[in-house]
Q: 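Below you'll find the structure I mean.
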Amino acid sequence: MQAPAVSAVQQHRQHCLIAVTSAFGARLTTPAVAPVLRLTSGLLHNSCWSLRRQARKLGVNQRSRQAHAISQIRTEAMASEHALISESAAWEALKKHVKTIEGTHLRELLQDQERCEELIKEYDGVVVDLSRQRVVHETIIKLLKLAEEAKLKEKIDKMFDGEHINVTENRAVLHAALRAPRDEVINCDGQNVVPSVWEVLDKINSFSDQIRSGSWLGATGKPLTDVVAIGIGGSFLGPLFVHTAFQTEPTCALAAKGRRLRFLANVDPIDVARALADLQQETTLVVIVSKTFTTAETMLNARTVRTWITSALGTEAVSKHMVAVSTNLKLVKEFGIDPANAFGFWDWVGGRYSVCSAVGVLPLALQYGFGNVKKFLEGAWSIDDHFRSAPLGRNLPVLLGLMSVWNVSFLGCPARAILPYCQALAKLAPHIQQVSMESNGKGVSIDGVPLPYGTGEVDFGEPGTNGQHSFYQLIHQGRVVPCDFIGIIKSQQSVYLKGEQVSNHDELMCNFFAQADALAFGKTREELLAEKVPEELIPHKMFSGNRQSLSILLPNLTPYTVGQLLALYENRVAVQGWIWGINSFDQWGVELGKSLAGKVRTQMNAARTKGKPLSGFNYSTTTLLTRYLQGKTQLLYPDPHDVFPTNILPGHEK
Ligand code: F6P
């Protein structure tokens with residue numbers, strides 16, 4: 001926890017207390033009520049809604065005094081950096097504006113060409129169509145006003161200026177620096193970080209070249225053709241997303257010929273079996289990817305694969321067959337990896353924002369060559385540069401973020417579907433799930449104040465058209481789920497059959513266009529009657545329409561545009577967090593489960609090896625754990641021996 005942030009909050013609470021007491025007058029500062037008042041202004045230091053509630057509790061009937069107090073607090077609060085956005089006039093105005101929007105239907109809104117023109121934006125080949133959002137010109141103005149109230153521009157600047165905006169971890173947030181051109185200057189704590197970024201990139205360039213060219217050989221003198229990247233969460237999902245996107249791109253596919261890249265994330269031994277299936281130790285390079293180098297799953301998998309390597313090649317082989325990516329180079333060394341074979345990054349790179357660091361760049365460069373990965377970084381930087389410099393009204397990540405805030409906080413849609421019409425983007429939704437949900441799923445403001453509104457959205461998705469045959473029923477006729485449709489103009493692969501009306505990719509894209517319109521326009525009773533649909537089926541076949549979506553159209557899916565897409569989402573998530581006034585860059589919510597797993601681990605081992613009874617668990621956990629331990633008596637403890645999955649999946653390719 002960072003000291004300055006806490007004291008700022010304390011200062012502000014003090015400030016609110018003074019404001020509350022002076023507004024309500026001495027009557028409320030009697031010893032009996034003062035502690036309650038202090039609690040109010042302390043816990044909810046600038047929330048007028050809570051102040052009203054508190055005033056009611058205290059039996060304050062003097063309406064005018066109360067109103068005066070509230071307005072004074074609101075003014076004080078909004079003047080403060082720590083105010084909740086829901087107390088702002090812009091938020092109130094948007095809440096009122098919902099009524100206007102409720103009186104519209106996308107069927108009509110989409111007839112307004114001027115409106116549509118205003119809502120279709122383009123930057124560096126990326127087209128973003130917001131015309132199927134439930135917005136009119138006035139909505140955009142009001143959302144931009146909200147951005148202004150939230151000091152969005154200042155927050156973007158603070159990020160690029162290397163300020164420690166991740167206050168609970170006292171860290172800067174500079175993943176954009178990972179893709180900055182060599183000559184860019186991005187300072188953090190008084191130092192330009194770009195040269196150190198490029199130092200690591202140059203090292204990856206040279207190392208990946210040695211591996212790929214065969215000048216670096218394994219312990220038995222064979223070239224290392226296969227890579228297993230061990231890591232979880234941000235040390236896995238981003239690299240997997242990019243790998244999946246590159247795999248079928250012709251230039252990348254050519255560069256990857258004869259090579260295999262596997263990921264091992266889950267601590268489930270089945271994942272070990274999948275990752276190692278068909279691989280030979282002699283030709284395998286293992287990359288351990290962990291920012292902290294303490295993540296339990298990753299470290300157990302790393303020890304497992306180290307044993308798999310050394311059991312066949314001896315301990316000396318580690319220096320040739322295992323490398324690491326981490327910010328914790330001390331632990332990398334203790335694990336037995338030569339620091340020369342470690343690729344560092346920095347605490348100003350959050351795990352889920354780390355794909356552009358060695359976390360993603362190393363495994364991807366090993367598979368596809370550094371040149372292709374460099375283009376990916378360039379694409380991401382193109383959007384970063386736009387994000388930091390474009391006016392908010394033309395800024396793609398800003399507009400995308402504002403649409404999400406509008407849908408979640410005002411139109412009451414807490415979910416979002418990510419629907420790429422491109423099989424190569426199959427892992428986009430799982431990656432964005434972490435980027436978005438780990439970032440914005442928070443219950444308190446950046447100052448620790450409980451929020452009276454929900455943040456984040458529930459993300460899910462599948463590539464079209466697969467999703468259409470799965471969950472689209474719900475989004476067409478069930479719940480309203482704002483959708484992101486992502487389409488590609490020129491497919492990575494071509495299939496066209498003589499005699500077919502359109503190419504296979506055209507067919508895919510016909511669905512991309514159709515689905516967005518189906519959601520927006522729906523189907524009316526009148527249309528069904530005209531089609532002579534029997535009366536009893538009409539309610540079942542009607543589509544209300546008016547279901548919002550947005551479309552992103554990319555010219556192609558190359559390393560460059562994959563980078564653009566990544567940065568669009570990363571920056572959009574940050575925008576949402578800044579508007580909601582939360583810290584999108586910490587993740588304390590993942591800690592409790594981890595520590596409880598540690599407690600289970602200790603007791604499981606003690607029960608097995610010493611016959612110790614379980615203690616301290618609730619009835620349910622004790623019962624299930626006992627049942628589990630009874631069912632696992634085949635394990636040979638306390639004298640275990642190394643067991644590896646057999647090559648159960650010959651020919652299996654991940
Ligand atoms: O799940 C929590 C988390 O800390 C993520 O934020 C992170 O991406 C993941 O674990 C992996 O962490 P590490 O890279 O330190 O192993």
Side-chain angles (χ1 to χ4, degrees), residues 165-175 178 200 228-243 263-268 271-272 275 286-306 322-335 337 342-364 427-443 456 459 566 569-570 573-574 577 582-598 601:
I165 59 172
N166 174 359
V167 291
T168 63
E169 295 179 315
N170 191 15
R171 289 174 181 167
V173 177
L174 277 180
H175 46 272
L178 299 169
V200 177
V228 177
I230 304 175
I232 198 163
S235 296
F236 158 61
L237 290 162
L240 177 69
F241 151 59
V242 181
H243 170 54
F263 292 93
L264 170 53
N266 200 337
V267 74
D268 186 338
D271 212 20
V272 178
V286 180
V287 184
I288 306 169
V289 187
S290 176
K291 179 175 170 179
T292 54
F293 229 68
T294 58
T295 302
E297 294 94 324
T298 300
M299 296 326 294
L300 181 53
N301 277 335
R303 293 192 293 276
T304 304
V305 180
R306 181 179 60 189
M322 295 189 90
V323 300
V325 175
S326 185
T327 56
N328 196 337
L329 299 180
K330 183 171 169 278
L331 289 187
V332 169
K333 193 171 173 207
E334 280 171 27
F335 184 85
I337 290 178
F343 299 81
F345 62 113
W346 308 268
D347 72 356
W348 40 260
V349 181
R352 55 195 173 275
Y353 297 94
S354 66
V355 58
C356 294
S357 72
V359 165
V361 174
L362 179 61
L364 293 164
K427 297 296 176 186
L428 174 67
H431 178 46
I432 300 307
Q433 266 175 348
Q434 190 202 7
V435 172
S436 165
M437 293 165 79
E438 195 167 88
S439 296
N440 287 343
K442 305 286 163 67
D459 282 311
L566 173 86
Y569 273 93
E570 284 183 349
V573 164
I582 57 177
N583 183 359
S584 299
F585 305 106
D586 62 10
Q587 56 287 315
W588 300 106
V590 302
E591 295 305 325
L592 180 59
K594 283 186 199 173
S595 63
L596 292 184
R601 185 190 306 125

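Remember, it's 1-based here, ligands and their atoms both numbered in the order they're listed. We're numbering straight along the sequence, starting at 1. Source: prediction; values computed, not measured.
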Q: Is it true that the NZ or CZ of R306 lies under 6.0 Å from the centre of F335's six-membered ring and within 45 degrees of the ring axis?
A: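 Here R306 passes the 6.0 Å and 45° test against F335.
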Q: The test is side-chain contact (heavy atoms from CB on, under 4.5 Å); show your working for Y353 and V173 and say whether it passes.
A: CA-CA 9 Å; Y353 297 94; V173 177; 5.8 Å; no
Q: Quick one: table the atom pairs, ligand 1 N or O against protein N or O, below 3.5 Å, distance rounded to 0.1 Å.
A:
from: ligand 1; atom 1: 6 (O); to: E438; atom 2: OE1; distance (Å): 2.6
from: ligand 1; atom 1: 8 (O); to: G234; atom 2: N; distance (Å): 2.7
from: ligand 1; atom 1: 8 (O); to: Q434; atom 2: NE2; distance (Å): 3.2
from: ligand 1; atom 1: 12 (O); to: T295; atom 2: OG1; distance (Å): 3.3
from: ligand 1; atom 1: 14 (O); to: S235; atom 2: OG; distance (Å): 2.6
from: ligand 1; atom 1: 14 (O); to: K291; atom 2: N; distance (Å): 2.8
from: ligand 1; atom 1: 15 (O); to: S290; atom 2: OG; distance (Å): 3.4
from: ligand 1; atom 1: 15 (O); to: K291; atom 2: N; distance (Å): 3.3
from: ligand 1; atom 1: 15 (O); to: T292; atom 2: N; distance (Å): 2.9
from: ligand 1; atom 1: 15 (O); to: T292; atom 2: OG1; distance (Å): 2.6
from: ligand 1; atom 1: 15 (O); to: T295; atom 2: OG1; distance (Å): 3.3
from: ligand 1; atom 1: 16 (O); to: S290; atom 2: OG; distance (Å): 2.6
from: ligand 1; atom 1: 16 (O); to: T295; atom 2: OG1; distance (Å): 2.5

Q: Does any N or O in the side chain of N266 come within less than 3.5 Å of the main-chain N or O of D271, such that one atom is a donor and the other an acceptor?
A: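 No, N266 side chain to D271 backbone: no donor-acceptor pair under 3.5 Å.
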Q: Can you confirm whether more than 12 heavy atoms, excluding those of K442, are under 6.0 Å from its NZ atom?
A: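 Check passes, neighbour count above 12.
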Q: With ring-ring contact (aromatic ring centres under 6.0 Å, His included) as the criterion, how do Y569 and H431 come out once you've worked through the C-alpha distance, each side chain's angles and the decisive distance to 0.1 Å?
A: CA-CA 10 Å; Y569 273 93; H431 178 46; 9.4 Å; no
Q: Report the C-alpha distance between N301 and I232 in whole Å, list the side-chain angles of each, state the deciding distance to 0.1 Å, and finish with yes or no for side-chain contact (heavy atoms from CB on, under 4.5 Å).
A: CA-CA 10 Å; N301 277 335; I232 198 163; over 6 Å; no
